[in-house]
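Below is one structure, written out as structure tokens; comments come after it.
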Amino acid sequence: NGYLVEGAAQIKTWPDLIAALTGGYPCTVASDGGFEMEPQRDGYHHRGAEPWPHQMCFLGADDNDKEPYALVQNQWGDVHGHLKDLVDGHDLPLGVLRIFRKDAETMIKAGETFAYSHMKGFPDQSSKIERAMFDLIGD
């Protein structure tokens with residue numbers, strides 16, 4: 001098999017997402033769920049009026065009793081503000097949104113959330129690379 005990812009399972013519910021993430025499986029989501037660009041004072045990105053039809057990745061989730069949430073990685077760099085972990089205050093990666101469970105469930109219900117498994121990672125392909133492509137012109 002020549003594929004880097006050999007298995008995927010559809011995430012259909014919030015408990016599915018929690019199980020996949022806590023099991024160490026990356027979860028991708030194709031969604032048109034749009035959010036405000038900056039987090040509110042409560043530390044959450046709230047649903048916006050405009051859709052964002054694109055691919056994102058669930059990085060983590062907190063299934064606490066007070067306010068469950070998911071962390072979603074967007075590929076738009078640092079335009080979403082700089083979030084801190086709610087427990088220990090450390091910086092979260094750039095491009096991460098903290099969204100309410102109900103918003104994550106709406107994205108999941110659309111049917112385009114999958115956990116990947118049996119990944120081969122990145123096997124060494126260096127022998128196939130044409131090194132001349134990386135030579136600098138005009139030393």
Criterion side chain to side chain contact (heavy atoms under 4.5 Å, CB included) on E38 and H45, from CA distance to verdict: CA-CA 6 Å; E38 293 281 330; H45 288 83; 5.6 Å; no
Co-members of the apolar cluster containing Y25 [side chain, <4.5 Å]: none
Hphob cluster co-occupancy, F114 + I18, side-chain heavy atoms under 4.5 angstrom: no
Results of salt bridge (Lys or Arg N to Asp or Glu O under 4.0 Å) for D91 - residues two or more places apart only: K84
Close side-chain approach of T113 to K12, heavy-atom, < 4.5 Å: no
C27 SG to I108 CD1 distance, which is reported to the nearest 0.5 Å: 8.5 Å
Heavy-atom side-chain proximity of R98 to P39 below 4.5 angstrom: no
From CA spacing to verdict: side chain to side chain contact (heavy atoms under 4.5 Å, CB included), C57, V29: CA-CA 6 Å; C57 181; V29 58; over 6 Å; no
ILVMFWY clustering at 4.5 Å (side-chain atoms), partners of Y69: Y44, L59, L71, L83, L86, L92, V96, F100
Pairwise salt bridge (charged side-chain N to carboxylate O under 4.0 Å, His left out) hits with a residue in residues 47-62, at least two apart: none
Between CE on residue M56 and CG on residue N74, distance to nearest 0.5 Å: 6.0 Å
Worked verdict on M107 versus I99 for side chain to side chain contact (heavy atoms under 4.5 Å, CB included): CA-CA 11 Å; M107 295 165 74; I99 66 172; 3.7 Å; yes
For A20 against A115, the heavy-atom pair lying closest together: CB-CB, 3.9 Å
F58 side chain reached by I11 side chain, heavy atoms, under 4.5 Å: no
Pairs where residues 99-110 contributes a residue and the test salt bridge (charged side-chain N to carboxylate O under 4.0 Å, His left out) is met, not counting sequence neighbours: D63-R101, R101-E105
Salt bridge (Lys or Arg N to Asp or Glu O under 4.0 Å) against E36, all qualifying residues, sequence neighbours excluded: none
Neighbour count >12 (heavy atoms, 6.0 Å) for atom CG, D88: yes
Q10 side-chain N/O to E112 backbone N/O, donor-acceptor pair under 3.5 Å: no
Residue pair L17 / T13, side-chain heavy-atom distance below 4.5 Å: no
T28 side chain to Q55 side chain, donor-acceptor N/O pair below 3.5 angstrom: yes
